[in-house]
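Inspection log for the structure reproduced underneath, given as structure tokens.
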Amino acid sequence: MDLEVNGSPSAAPAEGEETAAAYIRDRLGLTGTKTACGTGVCGACTVLVDGSPTVSCLLPADRLAGRSVTTVEGLGGSHPVQRAFAAHDGLQCGYCTPGFVVEAAAFTDAWRAEHGDVRPDREAIADALAGHLCRCGAYEGIFAAVAAACAGDFDGDPGQDPPRADAPDKVTGRARFTVDHTPRGCWEGVIVRSTVAHARVRSIDAGGARTQAEPGTAPVLVDLLGSDRTVRYAGQPIAAVAAPTAARARAAAEAVRVDYEVLPAALDPATALEPDAPVLYPTRAERRAAPTYAEGVALPSAWNGNLRGPFTLGWRGGTAVRRLRAAERSGDPRLVTREYTTSAQLHTALEPHACVADWDDGHLTLHVSTQAVSETADTVAGRWGLPRERVRVVTEYVGGGFGAKGILSTETVAAVELSRIAGAPVRVALTRAEELTDAGYRPATRTRVALLADQRGDLAAMSVDSHGYGGVSHGSMTAVLAALMYGRTPRRTRDYDVVTHHPPGSPFRAPGGPPMAFALEQAVDEMAERLGEDPLSLRRRWDGNTRRAALYEKVAALPLWTARPRGERTGRFRRGVGLAASNWLFIVSPRSQVELVVENGVIVVRSATQDIGTGIRTVLRDVVAERLGTPADALRVEIGDSASVHGAGATGSRSTNSMGPAAAEAADALRVALRERSDRVPAEGPVPEVGLKEALAAAEGVRVVGGRPLDRWERMSSLLAGGGDMAMGRGLIGGVHVMEVEVDTLLGRVRPRRCWAGIAAGRIYAERLARNQCEGAVVQGVGYALFEGRRDDPATGAVLTANMEDYRIPGPGDVPETEVYFHEEGFEHVPGGGVGLGEVSTVGVAAALANAVHDATGWRPTDLPIRPDRLLEGLR
Ligand code: MOS
């Protein structure tokens with residue numbers, strides 16, 4: 001029996017193993033329907049089947065026979081919910097958006113049929129969308145969008161462009177992600193991974209796959225093991241195979257036989273430091289080649305067996321230690337010491353790591369889901385010995401990154417190698433299990449903090465010792481961030497890594513920040529309690545940062561803070577409010593460039609940067625439009641193609657502060673070029689419409705390039721960075737979070753109710769999008785605080801939380817109602833006046849939440865996540 005898809009008849013799917021999602025995407029080419037978790041948890045693959053929202057990743061395709069199916073494409077782009085999502089910015093990367101939109105459309109229609117134009121409350125919407133997950137955390141916008149659509153606010157054209165330039169493409173399913181890209185004749189690649197934690201690989205039997213370039217359609221295999229033939233974690237890539245179909249590739253992967261000489265593994269960080277523990281990197285050469293999860297460069301440190309470190313920083317560290325020891329000996333009540341642990345957090349971007357590689361006559365074209373288009377092209381050219389202009393990296397849309405898609409990773413290496421010997425384009429996309437096993441994570445930490453106050457209650461000494469647990473990788477930078485908090489009183493910070501036979505970590509949004517704040521900010525609260533002082537007033541005294549001072553001032557007048565419950569709380573449900581300060585570094589990308597080209601009377605804005613959901617496409621559009629005073633529709637932004645000029649990578653919170661000023665410079669250069677062609681273009685101020693038209697008509701083909709102007713400090717730092725694209729700017733970025741929770745003391749559940757996020761990152765470029773990012777940072781911080789934690793099999797090292805049911809990220813019903821406040825002063829010395837906010841906005845969230853739990857219950861959470869069992873144990 002045939003079926004109907006978006007109103008048109010379609011041939012019935014054959015009986016078999018194919019899912020409805022695969023049928024819709026691969027056979028019908030309707031790639032608006034996304035797959036992410038593959039287990040019916042995330043809702044990205046939701047379609048309407050006979051009008052009912054249905055997850056298509058679990059539904060056998062043949063069950064669609066005789067049904068009427070509506071995908072996001074079938075909504076046509078004019079459903080009020082789609083306009084509402086765009087107008088309220090209920091999206092970031094856009095990967096989960098089609099699923100949300102389809103579900104929300106069905107909900108809105110049903111709600112309005114039943115209730116008319118009544119606005120549903122937050123809870124009703126959360127219930128309706130409970131089967132959907134957005135890792136970017138765009139829930140605030142989603143709540144607002146659905147409520148507004150139900151109330152009829154978007155029945156007509158809103159008469160205003162949405163704040164996000166690519167929102168229309170994302171709410172309609174038109175936006176094409178790497179996994180949506182299947183060139184004709186594309187083969188599928190599969191990675192063969194180690195089943196043991198530590199072994200020498202004696203041999204790899206290709207199982208009939210060919211390993212040399214020769215014509216044919218037989219499966220191909222490439223070896224991915226390094227020259228030391230050693231695997232150091234379960235899940236480590238050993239080889240990759242490709243075949244013309246996914247089924248054949250999977251069969252070929254299963255035919256591969258690996259002969260292991262199994263070696264003892266160090267799986268537990270505690271025993272890894274014992275004298276007889278197997279040492280991961282016994283030689284200097286191996287230690288040098290060890291992977292790092294530091295973003296940029298790892299801190300220099302010495303090794304001792306499986307321990308790396310300490311990297312020590314501080315001011316008058318000797319004095320600090322002396323004072324702390326004396327205080328300990330004398331039992332000084334103004335000494336606060338405690339140890340805190342955090343768990344490994346998985347990035348869980350909904351679009352997996354994916355690459356489609358295609359060699360053609362010595363030219364290599366890659367579609368990659370990456371946070372760094374320019375850097376990927378540079379790295380690929382270097383690695384495969386190609387002139388840079390023969391490498392093209394294309395990344396139109398990226399379904400989330402959060403730090404894990406910053407470097408050249410296995411799927412890209414595998415796809416490039418496989419394509420070369422297959423003589424065909426090859427796609428390698430990680431499965432969800434692979435993504436949750438070997439795509440990086442925020443390493444677990446153990447951090448000991450000691451704070452000492454003097455007679456006046458001033459900070460007299462601080463020490464922070466932190467161990468990072470990044471499996472086979474190192475790069476912990478937790479304690480060092482504490483050195484930058486609370487002035488310059490004597491302090492010592494030490495960072496260590498313990499390496500074990502587990503998968504490598506990778507940078508994750510403000511690496512080291514959240515565990516630092518979780519420890520330090522709770523210690524500060526404990527000190528406040530010890531001194532009998534309000535936690536806000538103590539921070540105002542201790543914290544010399546003027547930008548954060550402005551945020552504290554705001555908090556002092558915030559009802560969420562001033563009207564918080566006081567005194568002992570009783571009963572089953574207890575409310576509490578906590579706060580935390582945070583910092584982050586200001587990093588800039590000195591090589592950033594933007595080109596403007598006049599094509600067919602339109603200004604095309606180009607750069608080899610990429611939008612991972614943070615909104616750089618919009619920033620480029622808005623900066624150029626504002627600078628020239630032209631309407632936004634006189635411009636077209638084209639990013640995500642390495643053929644253009646160098647663009648900033650979306651790492652280190654540097655895209656906007658780097659690309660924004662480059663775009664402004666390009667706009668100024670274009671104005672000069674246009675003035676030469678029309679005297680109706682003024683030297684400054686808005687270009688009138690007639691003048692623009694005339695000038696553009698005469699300027700066809702004109703091209704100008706703008707770069708990131710550097711101030712003196714940045715120029716120096718850029719020189720020190722040795723031509724790398726990350727330089728340190730002047731000034732620290734600051735944040736203050738206030739969180740209200742309700743603790744269920746019977747079941748041990750913590751419900752975050754409200755959050756205030758104060759961010760001091762200078763001038764804000766695209767307000768709604770910036771706010772969205774900060775709201776999402778709260779969502780990710782809540783996940784880190786309450787649920788997220790990778791679990792491993794202690795016997796084999798295999799990752800157990802390898803699906804999205806066992807690894808739980810926050811859904812719409814888990815997050816607090818969030819208000820974002822921007823303090824925009826304090827970075828006037830920076831070109832463009834604004835710095836980064838993607839990372840600082842998540843640093844203090846878990847810390848504020850933990851302080852709120854303590855405020856509610858009197859119990860201090862020292863271990864993340866704050867699981868119900870831990871909370872109940874603590875309250876006993
Ligand atoms: Mo990096 S954690 O993507 O700034």
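All ligand and atom numbering here is 1-based and tracks the order in the structure.
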Practice task
Taking only heavy atoms of the protein into account, state which residues are under 4.0 angstrom from an atom of ligand 1, in chain and number order.
Solution key: E295, Q371, G403, P507, F508, R509, P511, A650, T651, G652, E839

Handout entry: Donor-acceptor under 3.5 Å (Y807 side chain, R790 main chain)
Key = no

Exercise for the section: Inspect the contact between D641 and R606 and indicate whether a charged nitrogen and a carboxylate oxygen are less than 4.0 angstrom apart. Expected result: no

Problem - Salt bridge R176-D180, side-chain N to carboxylate O under 4.0 Å - result: no

Exercise for the section: Output yes when E839 and R442 qualify as a salt bridge under the 4.0 Å nitrogen-oxygen rule, no when they do not. Expected result: no

Completion exercise
side-chain contact (heavy atoms from CB on, under 4.5 Å) with V736: of R547, R548, H823, only one passes, and it is R548

Exercise for the section: Could you tell me whether R617 and D169 have a side-chain N and a carboxylate O separated by less than 4.0 Å? Expected result: no

